[in-house]
Amino acid sequence: MYSVFVVDDEPIVLEGIRSKIDWEEGGFIFAGEASDGEIALSMLQELKPDILITDIKMPFMDGLELSAAIKKIQPWIKIIILSGHDEFDYAKKAISIGIEDYLLKPFTPQELLDSLNKTAAQIDKERKQLSDISKLKAELKSNEVLLKKEFLNNLVHGSADTNTIMQKCSELGINLISRYYKVLISRIESRTGNLQAEEEACSLLNSYSSAINEAVSFFHHSNLLVCIFKGSSQEELDDKAFRAAETIGHIARKTQDCIVLTAMGKRVEHLSQLKISYEDAKNILSVRKNPEENTIISSDDMEENNNISNSSDTKTGFLELKENDPLVDRLKYASKNDISAIIEEYMTLIRNNPGQFNVFASYILVDLIFAVSKLIEKLGGDIKVLNPEILQRSFIDEAVRNEKDFTEKLKAVLTFTLEYRDSKVTGKYADVILKAKQFIEENYADQNTTLTSVAQAVCLSPNHFSAIFSQECKSTFIEYLTNVRIENAKRLIRDTDMKGYDIAYECGFSDPHYFSYIFKKNTGLSPREYKLQY
């Protein structure tokens, strides 16, 4: 199935395209529509369809501007241009941008379907070419690619000679001069362990590398994509990184069996510090295993509270806390699904040393409590206030009496830690999500309420906001906004005698016919059928 998005400022054209094509029968999905390019661009960044059908002349942002903009950030999208008789000069410019087909108005449903089928065939052809594993392997063997990979690999590992970095960049045609830097690592994995699927996804990513927002990238091992980002401001850097992370996930998911975990390292100010950002991202990957869906984790989400006091209380009866515990990084990014695996690792260590249960169990539990205490402190809490029981020596003594008590205590400590951590991390975005949902609730009736306008309201870039919203709400922004509009439409249908077209406009839909289409798509009933039930 190929998803299709339509943009035209004439409601009658939108209605005709939407209603006169049997989308599913033809192997297509109608993903959405917009009445001008500016609104469409915001929606396209989130929906990421396979095919865009756009009128060439529209207010605010015309089809040429939209096509040029979308080709830069989502080059895989195939574009079909709609044009009138007097717009041939525009059509010539569109061809230079790289459109797939051009239809002259008026056109028949069959002509449009023929164009879609031709475009779908082109998508299939390109996907086959792009997933040609032998092509990827041949490219990776080329001398220039190997030299670039070796240099970048040395750079992120801190082994590049600082005095020759600029010279090497010049020789390899790489521009890394900037104010800020950040390293992103994406791990591409098959849900079923299908190595062929992983290779195909990596091949697609390699072919679409130009879409990854000006990043300098290379594959480290077979399924780890490393991207170096630069930005003149922190906001620009973060925006590029989040947009790229979503793009990487979307491209890899074209191979349906694959999912992507993307880790973003710390923001740094010098090329010599790239190792810090790289190691930070690598640490995240090392402790997050087998995510159920595409996931983006930024180290910024776990920033330390700089106002935390460094003082430590060592009153009698309490364990003395230590610095730089190696477990802290693991606990920062572990999920609740990892608890059983962590306990099993500990138990394996104990079982490999028979006859020394008390000694090893005591050591392990004390070491874990040290790490937990430090993480709680980093998150702005005080373990002595939040859970003083685990700092008592009696807690250790009771835990190591037998294996059953020990595993129960381990699980209790780990569960407490991750729940507290999640409450703080979720809390960081809880205000953002709450404010966004409130803005949507107050402005859903405005047709100009878009991803961009809501992101502005919560003071985030559209790409950062989109990633946060999807992960926190388990729904894309467009899906959530549409659901709010549909729920309010249901209320108006049930409780008022308003006409269908008035309800459509009242709920933020620019076209009553599109409202009816979306309503039935979401509820299984037309507005009229829904009304008859109440």
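Any value given below was found using the heavy atoms of this structure, including those in side chains, with hydrogens, waters and symmetry copies removed.
- For the pair Arg421 (side chain) and Leu331 (backbone), a donor-acceptor distance under 3.5 Å is present.
- With contacts defined as side-chain heavy-atom distances shorter than 4.5 Å, the pair Ile80/Thr119 qualifies.
- Using cut-offs of 30° and 60° on the angle between ring planes, the pair Tyr2 and Phe28 is tilted.
- Nearest heavy-atom pair, Ile39 versus Asp36, reported as atom, atom and distance to 0.1 Å: N-OD1, 3.0 Å.
- Between the side chain of Asn294 and the backbone N or O of Gly249, at least one donor-acceptor pair lies under 3.5 Å.
- For Gln438 (side chain) and Leu434 (main-chain N/O), no donor-acceptor pair under 3.5 Å exists by modelled atom type.
- Summarising the geometry, atom CG belonging to Asp62 is positioned 10.5 Å from atom CG belonging to Asp9; distances are rounded to the nearest 0.5 Å.
- With Arg267 contributing its side chain and Tyr181 its backbone, the two residues share no donor-acceptor pair below 3.5 Å.
- Under the salt bridge (charged side-chain N to carboxylate O under 4.0 Å, His left out) rule, Asp238 has a single partner from Lys182, Arg243, Lys266, which is Lys182.
- Residues Ser42 and Thr450 approach most closely at OG-CB, 3.7 Å, considering heavy atoms.
- Taking the six-membered ring where the residue is Trp, Phe477 and Phe465 present perpendicular rings, their angle passing 60° and hence far from 30°.
- With Asp50 contributing its side chain and Ser3 its backbone, the two residues share a donor-acceptor pair below 3.5 Å.
- Salt bridge status for Glu46 with Lys48: absent, with no side-chain N to carboxylate O gap under 4.0 Å.
- Listed for the Asn154 side chain is a donor-acceptor partner under 3.5 Å among the backbone atoms of Glu150.
- One finds no salt bridge joining Lys275 and Asp280 here, because no Lys/Arg side-chain nitrogen approaches an Asp/Glu carboxylate oxygen to under 4.0 Å.
- Of the options Asp101, Ile17, Leu104, a side chain to side chain contact (heavy atoms under 4.5 Å, CB included) to Leu82 is made by Ile17 and by none of the others.
- Proximity of a side-chain donor or acceptor of Asn223 to a complementary backbone N or O of Ile188 within less than 3.5 Å is detected.
- Counted by atom type alone, Asp239 and Asn463 present one or more donor-acceptor pairs between their side chains at under 3.5 Å.
- For the atom pair Thr54 OG1 and Glu33 CD, the distance stands at 12.5 Å (nearest 0.5 Å).
- We find the CD1-OG1 distance between Ile284 and Thr295 to be 12.0 Å, quoted to the nearest 0.5 Å.
- Separation of atoms CG (Asp257) and CD (Gln196) is listed at 11.5 Å; rounding is to 0.5 Å.
- Counting heavy-atom neighbours within 6.0 Å of Lys168 NZ, excluding the residue itself, gives a total of 12 or less.
- When all heavy atoms of Leu172 and Lys148 are compared, the closest pair comes out as CD1-CA, 4.0 Å.
- Under the 3.5 Å distance criterion, the side-chain polar atoms of Glu236 are matched with a main-chain donor or acceptor of Ser232.
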For this session: Carefully, step by step, assess Phe469 and Tyr480 under the rule ring pair (Phe, Tyr, Trp, His ring centres under 6.0 Å).
Result: CA-CA 10 Å; Phe469 194 94; Tyr480 182 84; 5.5 Å; yes
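- Closest non-hydrogen pair, Ala436 versus Val458, comes out as N-CG1, 3.8 Å.
- Here the closest heavy-atom approach between residue Met264 and residue Ala241 is recorded as CE-O, 3.5 Å.
- The closest side-chain heavy-atom distance from Leu204 to Trp76 is not below 4.5 Å.
- Annotation: side-chain hydrogen bond (donor to acceptor under 3.5 Å, both in side chains) contacts of Ser510 (sequence neighbours excluded): none.
- Side-chain atoms of Glu479 come within 3.5 Å of backbone atoms of Thr476 as a donor-acceptor pair (strictly under, hydrogens ignored).
- Taken from SG in Cys459 to NE2 in His464, the straight-line distance is 12.5 Å, to the nearest 0.5 Å.
- Nearest heavy-atom pair across Ala281 and Ala263 is O-CB, 3.4 Å.
- At distances below 3.5 Å, not a single donor-acceptor pair connects side-chain atoms of Asn153 with backbone N or O atoms of Lys149.
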For this session: Just do the side chain to side chain contact (heavy atoms under 4.5 Å, CB included) check on Ile51 and Ile77 with the steps written out, would you?
Result: CA-CA 5 Å; Ile51 301 172; Ile77 290 184; over 6 Å; no
